[in-house]
Protein chains: 2
Amino acid sequence: MRVRLEDVARATGVSPKTVSRVLNEEPSVKESTRQRVLAAMESMNYRPSPAARGLAGSRSFLIAMLYDNNDNPASTYLAEIQDGVLDACDAHRYSMMVCPLRLRGQDFIRRVDALVAEHHIDGVIMTPPLTDNAALLRRLKELGVPYASISPQHREGSIGVCMDEQHAAKVLVEHLIELGHRCIAHIVGIASHGASRWRLQGYKDALAAAGLPFDPHYVVQGEFTFGSGVMAARQLFALPQEPTAIFAANDDMAAGVMWAANERGLKVPRDLSVCGFDDTPLATQLWPPLSTVRQPSRDMGKLATLQLMEVLRGRGTGLLVQVPYSLQWRESTSTPPQKS
Amino acid sequence: MRVRLEDVARATGVSPKTVSRVLNEEPSVKESTRQRVLAAMESMNYRPSPAARGLAGSRSFLIAMLYDNNDNPASTYLAEIQDGVLDACDAHRYSMMVCPLRLRGQDFIRRVDALVAEHHIDGVIMTPPLTDNAALLRRLKELGVPYASISPQHREGSIGVCMDEQHAAKVLVEHLIELGHRCIAHIVGIASHGASRWRLQGYKDALAAAGLPFDPHYVVQGEFTFGSGVMAARQLFALPQEPTAIFAANDDMAAGVMWAANERGLKVPRDLSVCGFDDTPLATQLWPPLSTVRQPSRDMGKLATLQLMEVLRGRGTGLLVQVPYSLQWRESTSTPPQKS
DNA sequence: GTGAAAGCGCTAACAC
DNA sequence: GTGTTAGCGCTTTCAC
């Protein structure tokens with residue numbers, strides 16, 4: 001029937017324990033033995049049983065990807081992250097479970113407890129805003145479950161991946177200023193996300209660096225959704241002096257701004273420049289194509305997972321890796337309209 | 001430490017096997033015993049170990065969601081399906097593994113073999129075009145792994161979920177005809193997807209029902225992507241007589257059509273009516289909002305999974321459930337332009 | 001460096 | 001209806 005570890009042992013003429021050692025990459029095996037075992041595994045098409053390994057050992061070779069099912073960013077973002085996590089799992093023969101949590105609704109800690117208790121999860125990958133939920137982080141620490149974060153707010157001591165979003169936002173807005181814009185608005189994302197804070201701060205940094213005044217009227221609250229972008233834009237259009245450029249904290253909201261601009265009869269970028277953040281597929285599917293900051297989500301998912309694996313394999317304590325952003329200048333931005 | 005089945009047995013004063021019976025909902029347990037065991041499980045906060053169950057028993061309580069990583073539809077579609085699958089898994093205490101396959105690249109069968117061999121998968125959920133891959137279906141049958149399909153082409157004997165896409169497309173195009181359009185084009189999706197065939201056939205049905213001639217020049221090939229929609233639209237705009245309405249086989253391509261219309265200076269819907277199919281979030285994020293057919297993807301994922309569970313729990317053979325579509329008339333469609 | 005024995009937490013096949 | 005025994009395929013502990 002099934003090829004077992006014992007079969008490999010017999011075929012190689014060693015004990016099961018030695019095969020187990022090879023399987024787990026333990027160092028104390030003579031190289032020649034190791035090679036023979038490996039060859040036998042290969043030729044016999046041996047596949048270790050995760051269930052047996054999980055039951056007998058302390059590791060399950062299972063990680064869970066946690067995300068918030070209420071206030072998550074666009075699903076394309078999560079899908080890309082997930083693909084990246086899977087890439088890393090494949091490479092290290094780990095399996096991944098997907099675990100949507102509802103941050104509102106206070107039983108999400110119990111969901112995590114259940115996950116760990118039942119499946120003996122080895123580690124966790126999290127996306128914002130879970131990365132900054134104190135209760136969740138505390139519980140994971142209590143449970144002794146290592147975790148890696150994608151874009152966590154608190155960077156000291158965190159492992160996972162991040163991007164210098166603040167600087168990216170600053171460079172973005174600086175370019176708008178260079179184009180001649182003086183009245184630049186910003187639409188903020190959900191407060192619990194670090195992204196919202198960083199992108200807002202980058203906006204402020206750029207204004208300050210250019211000696212432009214910061215006017216709170218030009219900063220309106222959004223929720224990272226298309227609809228909230230529409231609402232925010234309408235609010236901005238109602239100001240005595242309309243902005244000539246709007247920097248939305250993500251692409252979905254920027255799409256909302258362009259929608260609202262259409263509604264109002266404004267032509268982008270002639271009457272209004274618009275930029276977003278993230279470079280989701282949407283960005284190039286809008287008319288005109290959206291200027292934005294590219295965030296390599298899939299790579300970020302993969303890198304965060306690789307850092308987690310470092311911890312799980314005892315190779316180190318894991319790092320917070322920083323990935324580079326890149327600005328995508330497309331047709332939604334240009335010089336401001338001439339003063340009438 | 002951990003609460004085991006044996007602990008529950010001891011606390012209840014029955015044998016481990018009886019607790020096991022209760023856990024697995026076997027009928028041959030006296031109701032009063034069942035209640036006592038259940039109560040003990042609850043109060044002791046007992047959580048069965050999937051690893052132990054998988055190792056000892058014939059079932060793993062694990063299902064895999066398979067999808068094609070090359071020619072898949074928009075990722076938002078897959079994300080919604082996945083959410084639905086997770087809903088169903090939650091309800092039945094199953095776990096789900098995500099398994100992207102590459103249909104091009106001939107080793108995808110081996111990936112499936114590995115998945116089944118290693119994880120002892122109980123069943124599989126598939127999305128198009130995997131649902132119609134003969135090699136894959138054959139292998140799953142050989143392996144004895146039950147599967148449920150989402151929108152499979154071959155409906156006889158299939159279990160899972162489907163929608164009457166052909167009829168939906170027909171109704172959609174009929175409405176365009178009612179609006180006065182006589183020159184309606186269609187952009188087809190990837191050939192390996194049933195969706196492409198059904199939607200094309202519905203288009204033909206509507207023309208035939210209205211006594212309009214079918215002109216192959218007005219049917220161009222797309223790939224379900226935004227970019228292919230742009231290309232296809234450009235092709236249609238180059239025809240001697242431009243269409244007054246374009247029905248794209250999905251929303252992404254419809255977005256491409258609207259993009260190309262913008263590029264050409266056409267105003268939607270004044271100069272051109274556009275419709276899509278699926279009602280992805282994109283549909284309401286375009287300007288103008290897109291008329292389309294709503295497909296309840298999340299429900300479909302859930303329903304397909306529930307049918308699979310019926311099979312896994314031995315409750316029946318499973319059905320192919322049909323879900324209703326609904327037309328979403330938005331602002332991208334109107335009467336055709338006056339002949340000049 | 002390698003091996004022997006015990007057991008992880010559960011279910012299968014039987015007996016009662 | 002319920003209990004007993006054995007064992008799923010590995011890793012652990014400890015011995016050599």
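These values consider heavy atoms only, across backbone and side chains, with no hydrogens, waters or symmetry-generated copies. Here the structure is a predicted model, which means the values were calculated and not measured. Below, read A as the first sequence line, B as the second, and so on, with proteins coming before strands; counting in each chain starts at 1.
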Worksheet, complete the sentence: Out of C/dG3, C/dC10, D/dG3, minimum distance to the side chain of A/Ser15 belongs to C/dG3
Worksheet item: Side chains of A/Asn45 and A/Val3: does their closest heavy-atom pair fall under 4.5 Å?
Response: no
Discussion item. With nearest nucleotide decided by heavy atoms, which residue, B/Ala52 or A/Leu23, maps closer to the 5′ end of DNA chain D?
Written reply: B/Ala52
Fill in: Carboxylate-amine/guanidinium proximity below 4.0 Å for B/Glu6 and B/Arg10
yes
Fill in: Side-chain ion pair, A/Asp299 and A/Lys302, N-O less than 4.0 Å
no
Restricting both atoms to N or O, compile the protein contacts to nucleotides 12-16 of chain D shorter than 3.5 Å, with distance only.
| from | atom 1 | to | atom 2 | distance (Å) |
| --- | --- | --- | --- | --- |
| D/dT12 | OP1 | A/Ser58 | N | 3.4 |
| D/dT12 | OP1 | A/Ser58 | OG | 3.2 |

Discussion item. By nearest heavy atom, map A/Gly13 and B/Glu6 onto DNA chain C; which one lands nearer the 5' end?
Written reply: A/Gly13
Item to complete: Select one nucleotide: of C/dT2, D/dC10, C/dC8, the one nearest the side-chain heavy atoms of A/Leu55.
Response: C/dC8
Worksheet item: Under 4.0 Å between a Lys/Arg side-chain N and an Asp/Glu carboxylate O for B/Glu25 and B/Arg93?
Response: no
Practice prompt. Write down the distance between CZ (B/Arg47) and C1' (C/dC10), rounded to a whole number of angstrom.
Written response: 17 Å
Fill in: Spacing of A/Leu5 atom CG relative to C/dG3 atom C1', expressed in whole Å
13 Å
Discussion item. Taking the minimum atom-to-atom distance to the side chain of A/Arg53, which one of C/dT2, D/dT2, D/dT11 wins?
Written reply: D/dT11
Response to the item:
Paired with B/Arg298, the side chain to side chain contact (heavy atoms under 4.5 Å, CB included) test is passed by just one of B/Asp87, B/Ile81, B/Val85, namely B/Asp87
Worksheet item: Do the charged groups of B/Asp113 and B/Arg110 touch, with an N to O distance under 4.0 Å?
Response: no
Worksheet item: Any idea which of C/dG9, D/dT2, C/dT2 is nearest the A/Ser28 side chain?
Response: C/dT2
Item to complete: Please report, rounded to the nearest Å, how far the P atom of D/dG3 is from the CZ atom of B/Arg10.
Response: 14 Å
